[in-house]
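Presented below is the structure to which this report refers.
Keep in mind that this is a model prediction, so the values were computed, not measured.
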Amino acid sequence: MAQHTDTPAENAVGVDIGGTKIAAGVVDHRGEIVASTRRETPATEPAAIADAVADAVAELATTHTFGPVGVAAAGFVDAARSTVVFAPNLAWRDEPLRARLEDRLHRRVVVENDANAAAWGEFRFGGGLDEHGAAVDDLLLLTLGTGLGGGIIAGGQLQRGAAGAAAEVGHARAVPDGRACGCGNRGCWEQYVSGNALVREGRDLLRSGDPRGAALLAAAGGDLDAVDGPMITRLAATGDPGCAGLLSELGRWLGEAVATFCAVLDPEVVVIGGGVSSAGEMLLAPARSSLATHLAGRTHRTPPPLRSARRGNDAGTIGAADLARTV
């Protein structure tokens, strides 16, 4: 077990930029968010995204003092933690995000991939800690949101790779010539393990006329476009067999994905975050079963535990702020 080192005591701001929302918070040295605000993400306008972030940080500055700003960005971030090279679900292409924000904020800014930031947040303050506050040395975080993100802690260090693009597990191929992905390839894991995949399968269930979709169709008011992940999760929690089946199938895919990643990384623990993780055991139980079935060498090794992210949707904000203080 690794022990955490001391963290500078000053507050920092973490900003988590997702496909639909921007969450910003003042984070203290214990990993607690002491103030927060949100903005909608103007996903098709890179300059407008920076403006929205700057506006959120300015709001926080009216009531709190803080030092640097860490930004968790949903895209490929370069090795210098400065430029978003590419984002499958946002309009960033070689976007100089750090420079844009430092010009507006007049503060030091650190940009990190959103799943990397969430992995760091969980490692430092969440699912990577045992009851005594000791951290595991090797952790894999998977975030199931709009897509599938990943973050790797190995030997107590965040693994970013030579170009900053490590842990893009959602864009490893699962199905040859499978579903088209926003990254330009086909059959990527995030087309089968993500919130978007869950919603797509829910809508397909309704299109098929399968009677198991009756409750979901009623909840959506007959409008397929109204179907979303939280709706499916809520119905599954009431015992609806159609929605429970959708989560079970997503869990099966998740377990297969974890088994594949374990063959490369051999993590001590796997933490599941992102909006879909709110399904809890309805997702994790079938995932554990699938992992046990597909893990390489399964008759001679124990699968790593699968845990829900303890910091939930706040992990990216917390991790980004902590990285801004410490890197």
**Request:** Check step by step if side-chain contact (heavy atoms from CB on, under 4.5 Å) holds for Leu148 and His171.
**Result:** CA-CA 8 Å; Leu148 174 65; His171 299 292; over 6 Å; no
**Message:** Please enumerate all residues that pass salt bridge (charged side-chain N to carboxylate O under 4.0 Å, His left out) together with Glu45, with sequence neighbours excluded.
**Reply:** none
**Prompt:** Quick one: side-chain contact (heavy atoms from CB on, under 4.5 Å) partners of Ala72, sequence neighbours excluded?
**Reply:** Asp16, Asp114, Ala117, Ala320
**Request:** Walk me through it: do Asp314 and Arg311 pass the test salt bridge (Lys or Arg N to Asp or Glu O under 4.0 Å)?
**Result:** CA-CA 6 Å; Asp314 292 333; Arg311 305 315 297 260; over 6 Å; no
**Request:** Give the cluster check for Leu323 versus Val69: same hydrophobic cluster or not, with ILVMFWY residues linked at side-chain heavy-atom distances below 4.5 Å.
**Result:** no
**Request:** I would like to know whether Val27 and Thr317 meet side-chain contact (heavy atoms from CB on, under 4.5 Å); could you show each step before the answer?
**Result:** CA-CA 8 Å; Val27 182; Thr317 300; 4.3 Å; yes
**Prompt:** Going by atom types only, do Asn116 and Gln159 share a side-chain donor-acceptor pair under 3.5 Å?
**Reply:** no
**Fill in**
On a heavy-atom basis, the closest approach of Ala12 and Ala321 is CB-O, 3.6 Å
**Asked** Between the side chains of Ser290 and Arg288, does any donor sit under 3.5 Å from an acceptor?
**Response** no
**Fill in**
Separation between CZ (Arg234) and CG (Asp240), nearest 0.5 Å, reads 12.5 Å
**Asked** Are the side chain of Thr65 and the backbone N or O of Ala61 linked by a donor-acceptor pair below 3.5 Å?
**Response** no
**Item:** Among Val271, Asp266, Leu265, the one residue meeting side-chain contact (heavy atoms from CB on, under 4.5 Å) with Leu140
**Value:** Leu265
**Prompt:** Given the rule that I, L, V, M, F, W and Y join up when any side-chain heavy atoms are under 4.5 Å apart, are Val136 and Val270 in one cluster?
**Reply:** no
**Request:** Just grab all the salt bridge (Lys or Arg N to Asp or Glu O under 4.0 Å) pairs involving residues 271-280, residues at least two apart or on different chains.
**Result:** none
**Item:** Minimal non-hydrogen separation, Thr143 against Ala115, with atom names
**Value:** OG1-CB, 4.0 Å
Output a table of donor-acceptor pairs, distance under 3.5 Å, between side-chain atoms of residues 79-88 and any protein atom two or more places apart or on a different chain; print 'none' if there are none.
{"residue": "Arg81", "atom": "NE", "partner": "Glu112", "partner atom": "OE1", "Å": "2.8"}
{"residue": "Arg81", "atom": "NH2", "partner": "Glu112", "partner atom": "OE1", "Å": "3.2"}

**Request:** Quick one: pull up CG in Leu217 and CG in Leu206 and give me the separation to the nearest 0.5 Å.
**Result:** 5.5 Å
**Fill in**
Residue pairs passing the side chain to side chain donor-acceptor pair (under 3.5 Å) test with at least one member in residues 207-219, sequence neighbours excluded, are Asp204-Arg207, Asp210-Arg212
**Ser36/Arg38 under side chain to side chain donor-acceptor pair (under 3.5 Å): CA gap, chis, key distance, verdict** = CA-CA 7 Å; Ser36 63; Arg38 291 193 175 195; over 6 Å; no
**side-chain contact (heavy atoms from CB on, under 4.5 Å) between Phe66 and Glu10, worked out** = CA-CA 6 Å; Phe66 49 83; Glu10 70 176 336; over 6 Å; no
**Gap between atom CD of Glu268 and atom CG of Leu139 - 0.5 Å precision** = 8.5 Å
**Prompt:** Of all residues at least two apart in sequence or in a different chain, which pass the ring-ring contact (aromatic ring centres under 6.0 Å, His included) check with Tyr192?
**Reply:** Trp253
